[in-house]
Amino acid sequence: MLATDGAGRVLAANYELLRLTEGTLVEWRLKTLDDLVPPASRIFLQTHVWPMLLTQGSVQEIQLQLLGATGQRVPILVNSKKGILDGAECYYWVLFVSLERSRFEGELLKARNFAQTSSQALAKSERFIKTVTDGLPGMIAYWDKDLVCRFANKPYEQVFSKTPNSAVGSTMIELLGQPVTALNQPHIDKVLQGRPEQFERPFEKSDGKQAYLLATYIPDFDSKSAVIGFFVLMNDITLLKKSEVELKLAASVFDSISDGRHDCWRG
């Protein structure tokens with residue numbers, strides 16, 4: 001603690017300040033407040049602290065640095081208030097050494113910067129993954145063990161969502177309806193037991209046309225080998241099924257013609 005006049009000249013200082021700076025009262029009475037602080041704090045004193053003191057009469061919790069005995073810079077919090085000393089106007093200064101607080105704030109700032117950097121990297125990674133999966137022809141989604149959709153690429157949302165981006169956060173019943181969920185339930189039960197599943201499913205498109213989907217369920221395990229959800233990959237195999245039907249029909253016609261030829265030959 002110390003007291004100065006309106007020009008910053010030191011009038012008094014307590015033992016703790018003298019111990020920290022290793023000075024004597026006689027020495028300090030020949031100095032000013034500016035001599036106690038490094039250049040940056042000195043500028044701040046002249047441009048901010050003193051103007052506030054002169055207009056408001058006090059300042060609270062101003063962060064400055066104090067020059068220690070060996071020239072080291074000690075972080076301090078400063079409170080100051082106008083008062084009277086020996087019948088003359090003065091300013092009392094209370095200096096709180098804040099080494100731990102400064103260290104904590106430095107660590108907090110470092111942690112915040114790291115979090116921001118990590119968040120930006122994560123956002124960039126998520127955008128990349130979303131861009132890649134949206135460009136794939138297949139429908140990709142991720143469901144947690146409570147059957148809540150946590151990820152869906154654009155083709156999946158276009159087929160199953162009523163509105164854009166409504167898939168994520170929806171339950172399977174909300175998104176697919178009770179009948180479809182009931183049809184999928186046996187496969188869901190198996191994948192949640194850790195067994196991959198693959199099956200075909202007829203599907204009616206929004207335009208009323210019939211389609212066929214090949215669905216693949218892949219379990220997702222945590223570090224303890226417990227299933228926490230499953231990935232879904234769905235591909236439209238309508239053209240493949242159509243070709244399959246046409247091949248079967250062609251084979252049937254060929255067999256009929258062949259049988260007819262054999263009958264004629266035998267006749």
Side-chain angles (χ1 to χ4, degrees), residues 1-132 150-151 165 168-169 222-223 228:
M1 185 174 180
L2 77 157
T4 69
D5 60 17
R9 289 186 291 265
V10 176
L11 303 175
N14 71 344
Y15 171 78
E16 287 298 322
L17 178 61
L18 297 176
R19 184 182 63 81
L20 182 64
T21 59
E22 292 188 359
T24 65
L25 184 56
V26 173
E27 293 172 340
W28 278 114
R29 288 186 70 110
L30 301 176
K31 298 182 179 182
T32 67
L33 188 59
D34 287 348
D35 297 321
L36 281 170
V37 297
S41 293
R42 193 177 306 146
I43 293 172
F44 193 75
L45 273 171
Q46 298 299 329
T47 58
H48 291 78
V49 180
W50 278 112
M52 290 174 62
L53 270 175
L54 295 175
T55 56
Q56 301 176 13
S58 66
V59 294
Q60 290 185 339
E61 296 189 9
I62 301 295
Q63 288 186 312
L64 296 174
Q65 289 183 323
L66 181 71
L67 289 174
T70 58
Q72 79 274 23
R73 300 186 179 190
V74 181
I76 57 174
L77 285 177
V78 175
N79 289 351
S80 182
K81 187 176 182 181
K82 196 174 185 180
I84 300 295
L85 179 64
D86 297 332
E89 187 178 274
C90 73
Y91 290 90
Y92 289 106
W93 301 80
V94 180
L95 316 179
F96 298 93
V97 177
S98 56
L99 285 171
E100 290 301 320
R101 173 171 173 166
S102 295
R103 187 179 297 114
F104 173 76
E105 289 177 346
E107 293 174 353
L108 188 62
L109 182 61
K110 186 185 297 184
R112 187 185 68 179
N113 292 337
F114 176 77
Q116 288 177 343
T117 302
S118 300
S119 177
Q120 291 170 356
L122 179 61
K124 185 177 181 180
S125 176
E126 289 178 346
R127 284 195 300 270
F128 176 77
I129 293 172
K130 185 68 174 172
T131 300
V132 171
R150 298 303 180 187
F151 176 85
N165 301 319
V168 176
D222 64 10
S223 59
I228 57 176

(Q) The criterion is side-chain hydrogen bond (donor to acceptor under 3.5 Å, both in side chains); which residues satisfy it with Asp34, sequence neighbours excluded? (A)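 Scan of Asp34 (side-chain hydrogen bond (donor to acceptor under 3.5 Å, both in side chains), adjacent residues dropped) gives Gln46.
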| said: So Asp5 and Leu11, do their side chains get closer than 4.5 Å, heavy atoms only? | reply: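 Leu11 reaches Asp5 side chain to side chain.
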- Val37 vs Arg42, side-chain contact (heavy atoms from CB on, under 4.5 Å): CA-CA, chis, key distance, verdict: CA-CA 6 Å; Val37 297; Arg42 193 177 306 146; 4.0 Å; yes
Query raised in the report: Would Tyr91 and Trp50 count as a ring-ring contact (aromatic ring centres under 6.0 Å, His included) if you check the C-alpha gap in whole Å, the side-chain angles of each, and the deciding distance to 0.1 Å?
Result: CA-CA 10 Å; Tyr91 290 90; Trp50 278 112; 5.5 Å; yes
Spacing of Arg19 atom CZ and Asn14 atom CG [to the nearest 0.5 Å]: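 Atom-to-atom, Arg19:CZ and Asn14:CG are 10.0 Å apart.
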Just by modelled atom types, is the [Y] backbone N or O under 3.5 Å from a matching donor or acceptor in the [X] side chain?
X     : Y     : answer
Ser80 : Tyr92 : yes
Asn79 : Val94 : no
Ser41 : Pro38 : no

Which of Leu53, Leu17, Ile76, Ile62 passes side chain to side chain contact (heavy atoms under 4.5 Å, CB included) with Trp93? It is Leu53
Checking side-chain contact (heavy atoms from CB on, under 4.5 Å) for the pair Leu95/Leu2: CA distance, chi angles, key distance, verdict?
CA-CA 8 Å; Leu95 316 179; Leu2 77 157; 3.9 Å; yes
What one should report as the nearest heavy-atom pair of Pro51 and Leu45 is CD-O, 4.0 Å
| What do the steps show when you test Leu77 against Leu64 for side-chain contact (heavy atoms from CB on, under 4.5 Å), and what is the final call? | CA-CA 6 Å; Leu77 285 177; Leu64 296 174; over 6 Å; no
The complete set of salt bridge (Lys or Arg N to Asp or Glu O under 4.0 Å) pairs with one or both residues in residues 79-98, sequence neighbours excluded, reads Lys82-Glu89
